[in-house]
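The structure appears right after this line, and notes come after that.
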Amino acid sequence: MNIAWKEIKKNKVRFLILGSIVFLVSLLTFIISGLANGLSQDNAALIKDLPNGQFYMNKDAEETYNLSRIDSDIQKEILNKQKDAVAFSIQMGFLNDKDDKQQSVAFVASTDSKLFEDVKDGEIIVDSSLKNKGIKAGDTLTNNQFSGEFIVKGFVDQKKYSHTPVAYIQMKNYQEMYRMTEMQLIFIPGGDSSQEFTGLQSFSNKDFLQTIPSYNAEQMSLNMIVWFLVVISGMLFAIFFYMMNVQKIGLYGILKAIGIKTSRLFKMMWTQMFFITSIALIMSITLSQVFSMAAPEGMPFHLTFETTAQLSIIFLIIGFIGATLSGIQIKKIEPLQAIQQGEA
């Protein structure tokens, strides 16, 4: 520990450069991860906020939810047998506000359930982001496919689907607008894949998210960038400590000659890695939280404590692996040969 600390103080500039690079890479990783999570929420908060369970859609829909039609008899059978089950439908559409401007929304209608908003005939509950468009509680909204009018009953926070604000309407109104009596999906909270129903295909929460257009491609691209940055950080540690070790072969030879064990040299290197990474992570986490608070209101940024903790642990593990791989040469050092090489 003392040797590790003395070396850091002696080579301040070198370790400062490494710490700065790790800080910048980790900060960029946290920000991109926050954007990935934010876009994920913006794309599918309606689904992600549901508890774990099973989704069911018609097999003939070929995993395309808006082509799915659940037979009414099967729906009744499932809802009667499964106490908390709910049938619901989602359709993209628009609302006309008081100024006759169109606002894009994702209409959601469901059977009675605590998992979805309870709305009466002619009422509508919309995502709070529409407040920025000038919509207020009590406003009258219309839709070209609906013969009546919608009265804004209230707002819900962070309910989006396919990057569009959700609008909860009564099932009867939904059926009039889209000229269909069948629902698209059935959700059973706490259900598992062992529950099968004739003509229906089941999906876990994670699997159903993959059926949402653009969700998989969007998340895959951002997550690839995150992991690429994590790998880069590991390579930085490996290269840095390798170069440091090459320059200190003579020193290691002397230390081994006076009885310092190889394991202690590894511990010295791990201590340095842990110290540098911890300082860099504390700074990058702090700055990423500041960024989260200072980010524009419309920016989909969502960095949770769980994600931050997971990435921090991964950075430490990657740093440990990188430093260890670079230190394999320490084990091979022969004291006399290393001293002679250092003097050459």
Side-chain angles (χ1 to χ4, degrees), residues 41 43-95 104-127 143 145-146 150 153-192 195 197 199-213 215:
Q41 285 293 116
N43 200 349
L46 176 70
I47 303 301
K48 294 186 74 174
D49 290 345
L50 292 173
N52 288 328
Q54 288 292 123
F55 292 84
Y56 293 88
M57 71 169 72
N58 195 304
K59 283 184 178 178
D60 295 335
E62 297 181 349
E63 301 187 4
T64 305
Y65 77 91
N66 57 354
L67 298 180
S68 175
R69 301 289 183 272
I70 304 292
D71 183 82
S72 57
D73 292 332
I74 295 176
Q75 177 181 314
K76 288 178 182 178
E77 178 187 344
I78 296 174
L79 296 185
N80 288 334
K81 288 183 178 179
Q82 303 290 334
K83 181 181 177 182
D84 298 323
V86 55
F88 68 101
S89 292
I90 308 169
Q91 284 285 1
M92 308 306 292
F94 63 86
L95 291 166
S104 295
V105 295
F107 288 107
V108 177
S110 70
T111 54
D112 293 337
S113 173
K114 295 179 181 178
L115 299 174
F116 293 86
E117 297 297 318
D118 180 28
V119 287
K120 296 182 174 61
D121 186 15
E123 292 181 341
I124 190 169
I125 296 176
V126 296
D127 181 73
N143 178 277
Q145 297 169 283
F146 183 51
F150 291 113
K153 181 184 176 183
F155 297 90
V156 287
D157 292 325
Q158 297 297 319
K159 291 295 181 185
K160 296 285 191 71
Y161 187 82
S162 193
H163 301 295
T164 306
V166 163
Y168 293 97
I169 59 176
Q170 213 269 341
M171 193 162 61
K172 177 183 174 183
N173 300 152
Y174 176 91
Q175 291 171 345
E176 178 188 334
M177 289 169 60
Y178 292 101
R179 308 294 190 270
M180 60 178 70
T181 56
E182 302 95 344
M183 304 301 276
Q184 296 170 338
L185 302 160
I186 288 178
F187 176 68
I188 303 177
D192 56 62
Q195 294 176 301
F197 302 98
L200 301 184
Q201 183 177 0
S202 67
F203 301 83
S204 65
N205 294 51
K206 184 178 180 180
D207 291 337
F208 183 75
L209 288 172
Q210 306 308 313
T211 68
I212 300 174
Y215 181 89

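Between Ser162 and Asn43 there is a side-chain heavy-atom pair separated by less than 4.5 Å. Taking the side chain as every heavy atom from C-beta outward, Glu123 and Gln170 never approach each other to under 4.5 Å. Between Phe88 and Leu115, the closest side-chain pair of non-hydrogen atoms is not below 4.5 Å. Side-chain atoms of Thr211 and Phe55, non-hydrogen and from C-beta on, never get closer than 4.5 Å to each other. Put simply, the side chain of Leu46 reaches to within 4.5 Å of the side chain of Phe116, judged on heavy atoms. Residues Glu182 and Gln75 have side chains not in contact (no heavy-atom distance under 4.5 Å, counting atoms from C-beta outward). Side-chain contact between Gln91 and Tyr174 is present, with at least one heavy-atom pair separated by less than 4.5 Å. Contact of the Leu95 side chain with the Phe107 side chain is registered, since non-hydrogen atoms from C-beta on lie closer than 4.5 Å.
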Would you please test Gln201 and Glu63 for side chain to side chain donor-acceptor pair (under 3.5 Å) and show each step? CA-CA 8 Å; Gln201 183 177 0; Glu63 301 187 4; 3.2 Å; yes

Criterion side-chain contact (heavy atoms from CB on, under 4.5 Å) on Ser204 and Gln54, from CA distance to verdict: CA-CA 5 Å; Ser204 65; Gln54 288 292 123; 3.9 Å; yes

Evaluate the side-chain contact (heavy atoms from CB on, under 4.5 Å) criterion for residues Asp49 and Gln41: first the C-alpha distance (whole Å), next the side-chain angles of each, then the deciding distance (0.1 Å), finally the verdict. CA-CA 9 Å; Asp49 290 345; Gln41 285 293 116; 4.1 Å; yes

Step by step, would you call Asp121 with Asn173 a side-chain contact (heavy atoms from CB on, under 4.5 Å)? CA-CA 7 Å; Asp121 186 15; Asn173 300 152; 2.6 Å; yes

Should Ile78 and Leu200 be marked as a side-chain contact (heavy atoms from CB on, under 4.5 Å) after you check the CA-CA gap, both sets of side-chain angles, and the distance that decides it? CA-CA 11 Å; Ile78 296 174; Leu200 301 184; 3.7 Å; yes

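Nearest heavy atom pair, residue Ala106 against residue Thr164, reads N-CG2, 3.7 Å. A pairwise comparison of heavy atoms in Pro51 and Phe187 identifies O-CZ, 3.0 Å as the closest pair. Smallest separation of non-hydrogen atoms from Met183 and Ala87: CE-O, 3.8 Å.
Here the OH-CG distance, from Tyr168 to Asp118, works out to 12.0 Å after rounding to the nearest 0.5 Å. Atom CD1 of Ile47 and atom CG of Leu209 lie 7.0 Å apart (nearest 0.5 Å). In this structure, the separation between NZ on Lys159 and CG on Asp157 is 9.5 Å, given to the nearest 0.5 Å. For the atom pair CD1 (Ile186) and OG (Ser89), the distance works out to 10.0 Å, reported to the nearest 0.5 Å. The CD atom of Gln175 sits 10.0 Å away from atom CD1 of Ile169, with the distance rounded to the nearest 0.5 Å. Rounded to the nearest 0.5 Å, atoms CD1 (Ile90) and CD1 (Ile212) are 7.0 Å apart.
Aromatic ring pairs are classed by plane angle as parallel below 30°, tilted from 30° to 60° and perpendicular above 60°; the pair Phe197 and Tyr56 is perpendicular.
Judged purely by atom type and a 3.5 angstrom limit, Asn205 has no side-chain atom pairing as donor or acceptor with the backbone of Lys48. Side chain of Ser68 to backbone of Gln184: a donor-acceptor contact under 3.5 angstrom is found. Checking side-chain atoms of Asn143 against main-chain N and O of Phe94 turns up a donor-acceptor pair under 3.5 Å. Asp127 places no side-chain N or O within donor-acceptor distance of the main-chain N or O of Val166, the cut-off being under 3.5 Å.
For Gln145, the CD atom sits in a packed shell: over 12 heavy atoms of surrounding residues, nucleotides or ligands are nearer than 6.0 Å. Heavy atoms of other residues, nucleotides or ligands lying less than 6.0 angstrom from CG of Asp112 number 12 at most.
Between Tyr161 and Tyr65, the gap from one ring centroid to the other is short of 6.0 Å.
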